[in-house]
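Below, read A as the first sequence line, B as the second, and so on, with proteins coming before strands; counting in each chain starts at 1. Since this is a predicted model, take the numbers as computed values, not measurements.
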Number of protein chains: 2
Amino acid sequence: MSKGRVTVVDIAHAAGVSKSTVSLVLQGSPLVNEATRAKVNAVIRDLGYVYNRAAANLRQTASSKIIGIVVNDLTNSFFAELAVGVDMVVQSAGYVQFLSNTGESIDRQREVIASMREHGISGLIISPARGTEAADFKPLVASGIPVVLTVRNISGAKVSSLLSDNRMGAAQAVAHLAGLGHRRIAFLGGFPDTAVFEDRLKGFRDGLAAAGLPFAEELIVGSAPSRAGGVEAIERAMLIAERPTAALCFNDAVAFGVCDGLRARRMEPGADFAVIGFDDVIEAKTAVPALTTVNVDPQGMGRRAAQLLMKQINAGKAEPEAIVGAVRLVVRQSCGAGMKNQQWRNAV
Amino acid sequence: MSKGRVTVVDIAHAAGVSKSTVSLVLQGSPLVNEATRAKVNAVIRDLGYVYNRAAANLRQTASSKIIGIVVNDLTNSFFAELAVGVDMVVQSAGYVQFLSNTGESIDRQREVIASMREHGISGLIISPARGTEAADFKPLVASGIPVVLTVRNISGAKVSSLLSDNRMGAAQAVAHLAGLGHRRIAFLGGFPDTAVFEDRLKGFRDGLAAAGLPFAEELIVGSAPSRAGGVEAIERAMLIAERPTAALCFNDAVAFGVCDGLRARRMEPGADFAVIGFDDVIEAKTAVPALTTVNVDPQGMGRRAAQLLMKQINAGKAEPEAIVGAVRLVVRQSCGAGMKNQQWRNAV
DNA sequence: CTGTTAGCGCTTTCAG
DNA sequence: CTGAAAGCGCTAACAG
């Protein structure tokens, strides 16, 4: 049945034209007679020809129509959503995406990037693993492949980045809590050695300062950025002498864990203790009001990142562009009974 | 800086050997002198050479080292976990994965598969969109590209499949509930027109029959397989004249929604109403006992699927293999106070 | 063990 | 508008 791959010369032969005519048809060139084009297309269908991009790409200087995306934890719905967003624009631009998961392993990340480079990706979107250095992108940018950093930034890397304004979001969240009358506000969850943590913590302090509240070291409780971590964090927070009455959580997973922990203590999240979680992955799919969130819309972030990358690819050689706060940050309050809805958007 | 791509001939020149020697080094052939190899490798590093797989693949009959994976909903953590599992084995086999999301769109799926084919994937793992037909895989199998179906099966497709034994899992779950003394057991959530739904429902009936319980149509409440759907389903179930006291949920998202809905009614999941959810994605990351689950271990499923695919790729032309119940199904009870832990495994 | 010689499937001048 | 010829970066015989 399939005796060797069917190639342009096969279809040229069958259609009674030459290779190059077929090639032109393939590229939708206007230089070819309508009748000829129809004939060629018919033959293509009949013979079940499939275009060989590897070969095409080898010859022409154009790009491979494949973009790479590497995330540090696909298991985290935030990144899964991000990937979906990227995939949407990538697909509709006729590209296809290499997706790899590093699991925060920097070695894996290096391998993966190398592998993608061998496959000739025409661009890379990456949420770098912890510990990534600017030098890791050197070879990529040297060969003119556009790179877009998302979620986490790497200082000194001469590439584009797309980050949400974590600092401002956190400050707003604190303002919200302070507005409700809370004076002992904890910051729960997250690994203190990440830039994101730092930013959110800074915003937390900004918010306290703006509300005229004192900063207390003891109210910062780090933990794994997971649901389990949230449980652990609230447990520890409850051991503090002068207990907090509200918390800003590092992310939504932590926030859910905090709610779990509160319920385990017979406290009602939102009523007995105010909870705000960063990110809005799980909550977005939840019909039942559970907690207040600061929303980063990961899917939208993925789309924007992909659009930015596409722009760079099409522009040939563009300057790196740093975008902060490009992503909608919404404080959505959906938690207790005594609260009203409030939303705001960051400047774009 | 980068004046045209550096190629084998460049490095051959610089190392004072010939193209083919370089090629041999690249492939780790033992036919080359140790000293020469070292020299060549040094030059490769110095010049920042990157291997061009497209070119290599064009020449040799071997495979492209890229495998495709398409899922119907990456937004669902189950599939994200699946992708992570696949990625693990794919990466360690030196392959790279094309990942695409169809969002249940059959057109998108067709496009995506076509695109992957053009890029010369050497194998495909797919959780087909609803409505996929056996014919959709015809061209792929005709060109000898191994395909592995996961999660959902397509009858008549002559390709391998890796499915969990949903029927048996559901039956076991019902047996568990019946063992606790429940007699009005609902089946909540899921779209009735999927094979998975059917299988689970069949198992549900099996379980009822085995426990000597009657089957009541009214206790089957379909909904979107999401958290929101779960809320909706439990609401509807509570309107039934003779209320259920327990439910088997289509998946864990639904189960979480059901728990939400119960709490909204001031009922305690596990104590006042028993809940079992299929799948175990979210729960696995939760420290707080929430509900009993039937565990399908999506990541393990991804790994197995990828291994199966790799086997087929390496074997050249292997027979399609259908594996059912290969994946661990565990009923893990972690919900109310009055229950004991129970586990079992399916035959592998 | 190393060099020479052909192509893989496609695009692309450059002439008809 | 179509055909002939060259070559992308690599591997695969086959000689040296």
**Student:** Between P on C:dG9 and OH on A:Y51, what's the gap in Å once rounded to a whole number?
**Tutor:**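 Checked: the OH to P distance equals 14 Å.
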**Student:** Could you check how far CZ of B:R37 sits from P of C:dT2, rounded to whole Å?
**Tutor:**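 Checked: the CZ to P distance equals 10 Å.
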**Student:** So which nucleotide from C:dA6, D:dG3, D:dG9 ends up closest to the side chain of A:V17?
**Tutor:**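 So the nucleotide nearest the side chain must be D:dG3.
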**Student:** Keeping the roles fixed (side chain from A:N153, backbone from A:S155), state whether a donor-acceptor pair exists under 3.5 Å.
**Tutor:**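 No, the answer is negative, given that no donor and acceptor are paired below the 3.5 Å cut-off.
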**Student:** Measure from CD1 on A:I11 to C1' on C:dT11 and round the result to the nearest Å.
**Tutor:**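 Taking atom C1' of C:dT11 as the reference, CD1 of A:I11 is at 14 Å.
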**Student:** Given D:dT11, D:dC8, D:dA5, which nucleotide is nearest the side-chain atoms of A:K19?
**Tutor:**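 The closest nucleotide is D:dA5.
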**Student:** B:S20 side chain: which of C:dT11, D:dT2, C:dT4 is closest?
**Tutor:**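 Of the candidates, C:dT4 comes closest.
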**Student:** May I ask you to evaluate whether A:S23 reaches the phosphate of C:dT11, defined as a side-chain N or O under 4.0 Å from OP1 or OP2?
**Tutor:**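 For C:dT11, OP1 or OP2 has a side-chain N or O of A:S23 closer than 4.0 Å.
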**Student:** Kindly point out which of D:dT2, C:dT2, D:dA12 is positioned nearest to the side chain of A:V32?
**Tutor:**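 Among the listed nucleotides, the one closest to the side chain of A:V32 is D:dT2.
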**Student:** Grab the CD-C1' distance between B:E118 and C:dC10 for me, whole Å please.
**Tutor:**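 B:E118 atom CD is separated from C:dC10 atom C1' by 13 Å.
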**Student:** Quick check: does any side chain N or O of A:N314 sit under 3.5 Å from a backbone N or O of A:M310, one acting as donor and the other as acceptor?
**Tutor:**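 At least one qualifying donor-acceptor pair exists.
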**Student:** Begin with the C-alpha distance, continue with both residues' side-chain angles, and end with the deciding distance and a verdict on side chain to side chain contact (heavy atoms under 4.5 Å, CB included) for A:R130 and A:N72.
**Tutor:** CA-CA 8 Å; A:R130 279 195 285 157; A:N72 49 281; over 6 Å; no
**Student:** Please report, rounded to the nearest Å, how far the P atom of D:dG9 is from the CD1 atom of B:I44.
**Tutor:**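 One finds 16 Å between P of D:dG9 and CD1 of B:I44, rounded.
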**Student:** Would you kindly give the CG-to-P distance between B:L24 and D:dC10, to the nearest whole Å?
**Tutor:**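 One finds 14 Å between P of D:dC10 and CG of B:L24, rounded.
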**Student:** Does C:dC1 have OP1 or OP2 sitting under 4.0 Å from an N or O in the side chain of B:T21?
**Tutor:**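 For C:dC1, OP1/OP2 do not have a side-chain N/O of B:T21 under 4.0 Å.
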**Student:** If you compare every side-chain N and O of B:Q27 against the phosphate oxygens of D:dA12 (OP1, OP2), does one of them come in below 4.0 Å?
**Tutor:**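 True: B:Q27 side-chain N/O within range (under 4.0 Å) of D:dA12 OP1/OP2.
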**Student:** I need the NE2-P distance between A:H13 and D:dA4, as an integer number of Å.
**Tutor:**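 Rounding to the nearest Å, NE2 of A:H13 and P of D:dA4 are 13 Å apart.
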**Student:** Of the options A:V17, A:D10, A:I11, which is the one that meets A:V43 in a side-chain contact (heavy atoms from CB on, under 4.5 Å)?
**Tutor:**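 With A:V43 as partner, side-chain contact (heavy atoms from CB on, under 4.5 Å) holds for just one option, A:I11.
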**Student:** Where the side chain of A:S18 is defined as all heavy atoms beyond and including C-beta, which of D:dG3, D:dC10, C:dG9 is the nearest nucleotide?
**Tutor:**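 For the A:S18 side chain, the nearest candidate turns out to be D:dG3.
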**Student:** So does A:V9 get a backbone contact from the side chain of A:T7, meaning a donor-acceptor N/O pair under 3.5 Å?
**Tutor:**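 A pair under 3.5 Å: yes.
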**Student:** Without decimals, in angstroms, what is the distance between A:E34 CD and D:dT2 P?
**Tutor:**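 From A:E34 CD to D:dT2 P: 11 Å.
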